[in-house]
Amino acid sequence: MDQSKEQRILNTVSYNAVKGDPESVMKCIDKYCSQYEWAMNVGDEKGLILDKIVEEADPSVVLELGTYCGYSAIRIARLLKPKARLLTIEFNPEFASIAKEIIDIAGLSDKVTILEGHSEDIIPQLKKKYEVETLDFVFLDHWKERYAPDTVLLEECGLLRKGSILLADNVVFPGAPEFLKYVRNNQRFECTSYPSHLEYMQVEDAMEKAVYLG
Ligand SMILES: Cc1ccc(Cc2cc(O)c(O)c(C(=O)NC/C=C/[C@H]3O[C@@H](n4cnc5c(N)ncnc54)[C@H](O)[C@@H]3O)c2)cc1
Ligand SMILES: [Mg+2]
């Protein structure tokens with residue numbers, strides 16, 4: 001059976017990236033996906049916005065929803081202080097195992113834990129099973145219609161605290177209308193829009209930051 005696109009992305013990283021160098025892994029993926037096969041990584045343009053927001057927040061505990069190949073997990077984890085950690089949830093076993101290898105090549109396995117399963121099943125386990133108290137930063141990049149229900153679930157599970165930052169990818173393309181409606185009409189969130197473009201394309205997109213006010 002011929003390889004998947006995600007397997008080809010792993011191949012190009014393992015052949016061309018410098019082991020232990022997250023930037024070279026990111027460059028390798030961005031180069032491959034802009035020149036050969038488009039893939040739904042947050043990419044280098046939105047990635048720079050993500051970098052700035054993570055650096056400003058300097059979070060200790062980060063949750064990512066939708067690991068895919070691990071590009072944004074690497075992007076975020078490379079900026080975290082020594083004791084900080086990133087938990088990332090992925091339900092596709094092939095993507096989870098490819099992401100694990102790519103994160104390992106980047107030398108970030110000690111900061112990143114991939115939790116295999118559905119976000120709606122794992123989020124309620126974060127406190128007891130994964131010893132999370134509250135989340136400092138959440139990056140939403142999974143199925144877009146899950147953004148709103150999972151935001152409600154995070155709040156219901158007591159995982160958000162005053163100042164917790166939610167950052168959602170793709171609120172323009174493919175779009176996350178229910179999520180935008182939910183956070184923008186909700187006094188408990190302070191929202192900011194970051195206009196940008198779809199990864200590797202000229203198409204308009206944006207990320208939305210929603211700070212939980214408690
Ligand atoms: C045809 C087409 C292609 C790309 C686009 C443009 C475009 C651009 C983008 O930046 C995009 O992020 C997307 C997009 O659809 N992302 C969905 C990303 C899912 C990943 O997360 C995983 N996952 C999905 N739901 C869950 C869940 N509950 N629990 C755990 N993991 C989940 C999946 O297993 C995947 O690993 C699309 C538009 C149209
Ligand atoms: Mg995305």
Side-chain angles (χ1 to χ4, degrees), residues 4-10 13 26 29-30 32-34 36-51 53-54 62-76 86-103 112-126 129-130 132 135 137-157 159 166-180 182 193-210:
S4 67
K5 169 168 73 176
E6 293 73 23
Q7 185 61 51
R8 289 192 289 273
I9 290 170
L10 170 56
V13 167
M26 290 153 47
I29 294 174
D30 285 332
Y32 183 79
C33 294
S34 42
Y36 301 103
E37 294 189 274
W38 187 92
M40 58 185 175
N41 319 116
V42 74
D44 43 358
E45 185 183 335
K46 287 186 286 180
L48 279 173
I49 300 169
L50 172 62
D51 289 353
I53 296 169
V54 170
V62 180
L63 175 68
E64 174 181 65
L65 303 178
T67 316
Y68 189 46
C69 294
Y71 177 94
S72 45
I74 288 167
R75 192 131 205 153
I76 295 166
L86 168 70
L87 301 174
T88 178
I89 303 176
E90 173 56 54
F91 71 48
N92 181 309
E94 191 212 354
F95 296 168
S97 83
I98 286 170
K100 199 166 177 309
E101 292 196 54
I102 291 177
I103 290 162
V112 180
T113 308
I114 299 177
L115 307 178
E116 222 177 298
H118 279 257
S119 52
E120 52 270 39
D121 299 330
I122 295 188
I123 286 170
Q125 299 175 319
L126 290 177
K129 192 168 173 192
Y130 299 100
V132 172
L135 298 164
F137 193 98
V138 183
F139 183 54
L140 298 93
D141 196 17
H142 57 335
W143 290 158
K144 308 314 161 192
E145 61 279 358
R146 285 299 318 170
Y147 283 16
D150 282 348
T151 298
V152 173
L153 188 57
L154 286 168
E155 192 180 4
E156 281 170 356
C157 294
L159 286 160
L166 306 184
L167 185 65
D169 189 25
N170 312 117
V171 296
V172 167
F173 189 87
E178 304 81 15
F179 173 76
L180 287 186
Y182 180 71
S193 176
Y194 294 83
S196 184
H197 295 92
L198 179 66
E199 48 268 26
Y200 320 118
M201 307 287 282
Q202 309 288 315
V203 173
E204 303 280 300
D205 190 11
M207 295 201 287
E208 183 87 356
K209 182 173 80 168

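Atoms within each ligand, like the ligands themselves, are counted from 1 in listed order.
Of the inter-residue distances, the one linking C69 atom SG with I29 atom CD1 reads 6.5 Å to the nearest 0.5 angstrom. To the nearest 0.5 Å, atoms CG (N170) and NZ (K46) are separated by 4.5 Å.
The number of protein N, O or S atoms lying under 2.8 Å from the Mg ion (ligand 2) is 3.
Taking a 6.0 Å sphere around NZ of K100, one finds it holds 12 or fewer heavy atoms contributed by other residues, nucleotides or ligands. Other residues, nucleotides and ligands contribute at most 12 non-hydrogen atoms within 6.0 Å of the OH atom of Y36.
Side-chain polar atoms of Y32 and E37 form a donor-acceptor pair below 3.5 angstrom. Between the side chains of Y200 and D44, no donor-acceptor pair is found at a separation under 3.5 Å.
Without hydrogens or angle criteria, W143 side chain to G66 main chain gives no donor-acceptor distance under 3.5 Å.
The side chain to side chain contact (heavy atoms under 4.5 Å, CB included) check on L10 picks up Q7, I98, E101, I102, I105, with sequence neighbours excluded.
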What are the polar N/O contacts of ligand 1 with the protein below 3.5 Å, with distances?
from: ligand 1; atom 1: 10 (O); to: D169; atom 2: OD2; distance (Å): 3.2
from: ligand 1; atom 1: 10 (O); to: N170; atom 2: OD1; distance (Å): 3.0
from: ligand 1; atom 1: 10 (O); to: N170; atom 2: ND2; distance (Å): 2.7
from: ligand 1; atom 1: 10 (O); to: E199; atom 2: OE1; distance (Å): 3.4
from: ligand 1; atom 1: 10 (O); to: E199; atom 2: OE2; distance (Å): 2.5
from: ligand 1; atom 1: 12 (O); to: D141; atom 2: OD1; distance (Å): 2.9
from: ligand 1; atom 1: 12 (O); to: K144; atom 2: NZ; distance (Å): 2.9
from: ligand 1; atom 1: 12 (O); to: N170; atom 2: OD1; distance (Å): 2.9
from: ligand 1; atom 1: 16 (N); to: K144; atom 2: NZ; distance (Å): 3.3
from: ligand 1; atom 1: 28 (N); to: S119; atom 2: OG; distance (Å): 3.0
from: ligand 1; atom 1: 28 (N); to: E120; atom 2: OE1; distance (Å): 3.3
from: ligand 1; atom 1: 29 (N); to: S119; atom 2: N; distance (Å): 2.9
from: ligand 1; atom 1: 31 (N); to: F91; atom 2: N; distance (Å): 3.2
from: ligand 1; atom 1: 34 (O); to: E90; atom 2: OE2; distance (Å): 2.5
from: ligand 1; atom 1: 36 (O); to: E90; atom 2: OE1; distance (Å): 2.7
from: ligand 1; atom 1: 36 (O); to: E90; atom 2: OE2; distance (Å): 3.2

What side-chain donor-acceptor pairs closer than 3.5 Å can you find for residues 113-126, not counting sequence neighbours?
from: S119; atom 1: OG; to: D150; atom 2: OD2; distance (Å): 2.6

